[in-house]
Protein chains: 2
Amino acid sequence: MQPTDSELVILQVLWSAGPTTVRAVNEQLNNNSPKEIGYTTTLKLMQLMSEKGLVTRDTSSRTHIYAAAPKENVQKNLLRRFVDNAFGGSAAGLVLRALGDGQTSSEELAEIKRLIEELENGKAND
Amino acid sequence: MQPTDSELVILQVLWSAGPTTVRAVNEQLNNNSPKEIGYTTTLKLMQLMSEKGLVTRDTSSRTHIYAAAPKENVQKNLLRRFVDNAFGGSAAGLVLRALGDGQTSSEELAEIKRLIEELENGKAND
DNA sequence: GGTTTTCTACGAATGATTTCGTACAAATAT
DNA sequence: ATATTTGTACGAAATCATTCGTAGAAAACC
């Protein structure tokens, strides 16, 4: 199932921190935000995420350890839906809009160009 | 303000059809979906969208004519938020993921490459 | 051993989105 | 002219997301 916006915030923390506890995630959230988020709020969200399969958890000790679903899968799913919803299914439309913003560095542009050339030559992405 | 997913579906209809009536939008929605959507549901959504500024409407005759906010603005706003939420702010990350799916045609790839080269040469997007 | 802290589970309040029923006016058809 | 259809407005139910309080068990502290 798809993550909501709040769930995505938590996924980002988990992606960057690796598998960790509710407490650690909650502290991270409260570092990066003016508005205090209660511990049990984070707990509940992560429990729901576990039911949805967005995280797995190791419950072998009392303090559970949560791990995010693979970033690549989640992002691909989100992207598919977003492209459908907002760009009528056209990934190229989205890319053009994203690059058109002028916020992408020349290094990144070069990297993207390299990927495109690989794709044009039929190479797999290794 | 940001459109919700249902609102986006309506915006897409309006973008593709041009300014039109609630009735026409509702019929379009019911063509492309198995689940029947009531007329007043669509009406209410479009009224709310009007309050949010996502559409404008001409109320000079009894049957109101709705027009979508400019696609480019809406998509840019959505994109900014999506990049932040799902890609930690990296538009390049999103682009790489979007192109990596192998669903983009060579024509589109060429067009994107052309845009990148324009950007690299410091040209504006005309 | 008793107190305090730390944990999970869970129910329920709050708030936003989506859905539709009903009221009632204007237009159309008979 | 009366009845039917087509339109808007609006209230409120249904659903989903977010938030947190409270209960009770396990662990840590004194």
Side-chain angles (χ1 to χ4, degrees), chain A residues 1-14 19-30 32-67 74 77-78 81-82 85-86, chain B residues 1-14 17 19-30 32-67 74 77-78 81-82 84-86:
Chain A
M1 209 195 287
Q2 298 274 14
T4 65
D5 283 1
S6 324
E7 289 170 346
L8 258 177
V9 174
I10 289 175
L11 282 177
Q12 302 236 29
V13 171
L14 288 174
T20 187
T21 63
V22 174
R23 172 81 40 204
V25 169
N26 182 246
E27 272 162 14
Q28 189 61 42
L29 295 183
N30 284 322
N32 309 346
S33 127
K35 172 162 172 18
E36 178 79 11
I37 292 168
Y39 172 81
T40 56
T41 302
T42 306
L43 170 66
K44 178 75 160 199
L45 267 174
M46 291 175 76
Q47 286 170 339
L48 292 173
M49 290 170 78
S50 171
E51 280 173 21
K52 289 192 193 176
L54 292 171
V55 298
T56 53
R57 57 179 179 173
D58 175 350
T59 59
S60 59
S61 31
R62 186 166 84 107
T63 304
H64 298 351
I65 304 294
Y66 287 75
V74 173
N77 284 337
L78 285 167
R81 207 163 69 106
F82 184 66
N85 283 346
Chain B
M1 208 194 288
Q2 298 274 15
T4 66
D5 282 1
S6 325
E7 289 170 345
L8 257 178
V9 175
I10 289 174
L11 283 177
Q12 301 237 30
V13 172
L14 287 175
T20 188
T21 63
V22 174
R23 171 85 37 206
V25 169
N26 183 246
E27 271 161 14
Q28 190 62 43
L29 295 182
N30 284 322
N32 309 346
S33 127
K35 174 164 170 16
E36 178 79 11
I37 294 168
Y39 173 80
T40 57
T41 303
T42 306
L43 171 65
K44 178 74 160 201
L45 268 174
M46 291 175 76
Q47 286 170 340
L48 293 172
M49 289 169 79
S50 172
E51 280 173 21
K52 289 193 194 176
L54 291 170
V55 298
T56 54
R57 58 178 178 172
D58 175 350
T59 60
S60 59
S61 31
R62 186 166 84 108
T63 305
H64 298 176
I65 304 293
Y66 288 76
V74 173
N77 284 338
L78 285 168
R81 208 164 69 106
F82 183 66
D84 283 354
N85 283 347

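Letters A, B, ... mirror the listed sequences (proteins, then strands); counts begin at 1. Side chains included, hydrogens not; waters and symmetry mates left out as well; all remaining heavy atoms used.
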Undergrad: Starting at CG of B:Asp58 and ending at P of D:dG7, how long is that distance when rounded to a whole Å?
TA: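 One finds 15 Å between P of D:dG7 and CG of B:Asp58, rounded.
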Undergrad: So, OP1 or OP2 of D:dT19: does either fall under 4.0 Å of a side-chain N or O from A:Tyr39?
TA: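 Negative; the distance criterion is not met.
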Undergrad: Can you confirm whether A:Met1 sits close enough to A:Leu54 that some side-chain heavy atom of one is under 4.5 Å from a side-chain heavy atom of the other?
TA: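 A side-chain contact is absent here, since even the closest heavy-atom pair is not under 4.5 Å.
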Undergrad: Checking B:Gln28 side chain against B:Ile10 main chain: does a donor-acceptor pair fall under 3.5 Å?
TA: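 No: the side chain of B:Gln28 does not pair with the backbone of B:Ile10.
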Undergrad: What is the distance, rounded to the nearest whole Å, between atom CD1 of B:Ile37 and atom P of D:dA14?
TA: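 Those two atoms, CD1 and P, are 20 Å apart.
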Undergrad: Is there a donor-acceptor pair closer than 3.5 Å between any side-chain N or O of A:Asn26 and the backbone N or O of A:Ile37?
TA: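 Indeed, once roles are kept as given, a pair shorter than 3.5 Å links the two residues.
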Undergrad: Starting from P on C:dC20, measure out to CD on B:Glu36 and report it in whole angstrom.
TA: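 Rounded to the whole Å, the gap is 8 Å.
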Undergrad: Find out whether B:Asp58 and B:Pro19 are in side-chain contact, i.e. whether some heavy atom of one side chain is under 4.5 Å from a heavy atom of the other.
TA: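 A side-chain contact is absent here, since even the closest heavy-atom pair is not under 4.5 Å.
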Undergrad: How many Å lie between CG on B:Leu48 and P on D:dA9, as a whole number?
TA: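 Computing the B:Leu48:CG to D:dA9:P distance gives 11 Å.
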Undergrad: Could you state the atom-to-atom distance from CD of A:Gln2 to C1' of D:dA17 in whole Å?
TA: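 Interatomic distance, CD of A:Gln2 to C1' of D:dA17: 15 Å.
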Undergrad: Is B:Gln47 near enough to D:dA9 that one of its side-chain N or O atoms lies under 4.0 angstrom from OP1 or OP2?
TA: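 For D:dA9, OP1/OP2 do have a side-chain N/O of B:Gln47 under 4.0 Å.
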Undergrad: Report the distance from atom OH of A:Tyr66 to atom P of C:dA9, rounded to the nearest whole Å.
TA: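 Answer to the nearest Å: 6 Å.
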Undergrad: Does B:Thr41 place a side-chain N or O at less than 4.0 Å from the phosphate oxygens OP1/OP2 of C:dC20?
TA: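 For C:dC20, OP1/OP2 do have a side-chain N/O of B:Thr41 under 4.0 Å.
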Undergrad: Please state whether the phosphate of C:dT18, meaning OP1 or OP2, lies under 4.0 angstrom from any side-chain nitrogen or oxygen of B:Thr4.
TA: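 Affirmative; the distance criterion is met.
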Undergrad: What I'd like to find out is whether the side chain of B:Tyr39 reaches to under 4.5 Å of the side chain of B:Glu27, using heavy atoms alone.
TA: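 Contact flag for B:Tyr39/B:Glu27 side chains = no.
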Undergrad: Ignoring backbone atoms, test whether A:Arg57 places a side-chain nitrogen or oxygen under 4.0 Å from the OP1 or OP2 oxygen of C:dC7.
TA: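 Checking A:Arg57 against C:dC7: no side-chain N or O falls below 4.0 Å of OP1 or OP2.
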Undergrad: From CG of B:Asn26 over to P of D:dT6, roughly how many Å is that when rounded to an integer?
TA: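 Rounded to the whole Å, the gap is 13 Å.
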Undergrad: B:Leu45 has a side chain; which of D:dT19, C:dT8, C:dT19 sits nearest to it?
TA: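 Per side-chain heavy atoms of B:Leu45, the pick is C:dT19.
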Undergrad: Tell me the interatomic distance from B:Met46, atom CE, to C:dT18, atom P, rounded to whole angstroms.
TA: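 Distance, rounded to whole Å: 15 Å.
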Undergrad: Please compare A:Ser6 and B:Arg62 by the position of their nearest nucleotide in DNA chain D and report the one closer to 5'.
TA: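 Looking at DNA chain D, the more 5' nearest nucleotide goes with B:Arg62.
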Undergrad: Between D:dG21 and A:Lys44, counting only base atoms on the nucleotide and side-chain atoms on the residue, is there a donor-acceptor pair under 3.5 Å?
TA: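 Check fails, no donor-acceptor contact within cut-off.
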Undergrad: What nucleotide among D:dT19, C:dC7, D:dT8 has an atom nearest to a side-chain atom of A:Arg23?
TA: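 For the A:Arg23 side chain, the nearest candidate turns out to be C:dC7.
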Undergrad: Among the candidates D:dT8, C:dT8, D:dT18, find the nucleotide nearest to the side-chain atoms of A:Leu43.
TA: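 Of all the options, the side chain of A:Leu43 is nearest to C:dT8.
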Undergrad: With heavy atoms under 4.0 Å as the rule, sort A:Thr63 into base, sugar-phosphate or nothing.
TA: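 Since only primed, P, OP1 and OP2 atoms lie under 4.0 Å of A:Thr63, the category is sugar-phosphate.
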